[in-house]
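I have placed the structure first, in the form of structure tokens, so that the comments after it can refer back to it.
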Amino acid sequence: FVKFPGFETVPSGLSAVTTAPGTYAFVALFLAAGALELGPWSENPSKDPGNFGDPAGLGQYTEEFRQRELNNGRFVMFAAIGIISAELLTGKDAVEQLGL
């Protein structure tokens, strides 16, 4: 595993959130995500929920791309639930469960 300087003592997996300084990093990420959600990533009432169009201006945003993006997001949510459930059941983080 690669760990940032100052975070060498923080355990991997879900226990990182309850161990300082992992707790401080979690709070910082939570606040940064909240600021982005309230600021530049806020919803536009004239568009569907979650439709931010082509924010990078690459000209690649089509209906097919949107459907792929939604399906990938759904898959990631199920994968995250599986990883979290397995860690709660076994006590091993995702990489340890692979035997690495």
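In what follows, residues are counted from 1 in the order of the sequence shown. For the numbers below, each heavy atom of this structure counts, side chains included, while hydrogens, waters and symmetry mates do not. The model shown is predicted, which means the values in this text are computed figures rather than measured ones.
Side chain of Glu87 to main chain of Asp93: no donor-acceptor pair is present (N/O by atom type, distance under 3.5 Å, no hydrogens or angles). Within the 3.5 Å criterion, the main-chain N or O of Phe65 finds a donor-acceptor partner in the side chain of Thr62.
Here Thr18 pairs with Ser15 under the side-chain contact (heavy atoms from CB on, under 4.5 Å) rule; sequence neighbours left out. With sequence neighbours excluded, the residues forming a side chain to side chain donor-acceptor pair (under 3.5 Å) with Gln67 are Glu63, listed by chain and number. Residues forming a salt bridge (Lys or Arg N to Asp or Glu O under 4.0 Å) with Glu64 (at least two apart in sequence, or on another chain): Arg68.
Residue pairs meeting the side-chain hydrogen bond (donor to acceptor under 3.5 Å, both in side chains) criterion with at least one member in residues 70-85, sequence neighbours excluded: Asn71-Arg74. Residue pairs meeting the side-chain hydrogen bond (donor to acceptor under 3.5 Å, both in side chains) criterion with at least one member in residues 31-50, sequence neighbours excluded: Asn44-Ser46.
To the nearest 0.5 angstrom, Gln97 atom CD is 7.5 Å from Lys92 atom NZ.
Contact of the Glu96 side chain with the Ser12 side chain is not registered, since no non-hydrogen atoms from C-beta on lie closer than 4.5 Å.
Its side chain within the 4.5 Å cluster rule, Val17 clusters with Phe26 among the Ile, Leu, Val, Met, Phe, Trp and Tyr residues. Within the hydrophobic cluster formed by Ile, Leu, Val, Met, Phe, Trp and Tyr side chains joined at under 4.5 Å, directly or through other members, Tyr24 stands alone, with no partner residue. Its side chain within the 4.5 Å cluster rule, Ile84 clusters with Leu14, Leu88 among the Ile, Leu, Val, Met, Phe, Trp and Tyr residues. Within the hydrophobic cluster formed by Ile, Leu, Val, Met, Phe, Trp and Tyr side chains joined at under 4.5 Å, directly or through other members, Phe7 is accompanied by Phe4, Val10.
The heavy-atom pair separating Ala16 from Pro11 by the smallest distance is CB-O, 3.2 Å. Ala35 approaches Pro40 most closely through the heavy-atom pair O-CD, 4.1 Å.
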Table please: side-chain donor-acceptor pairs of residues 50-58 below 3.5 Å, with sequence neighbours left out.
residue	atom	partner	partner atom	Å
Asn51	OD1	Gly53	N	3.0
Asn51	OD1	Tyr61	OH	2.9
Asp54	OD1	Gly57	N	3.4
Asp54	OD1	Leu58	N	3.3
Asp54	OD2	Leu58	N	2.9
Asp54	OD2	Gly59	N	2.5

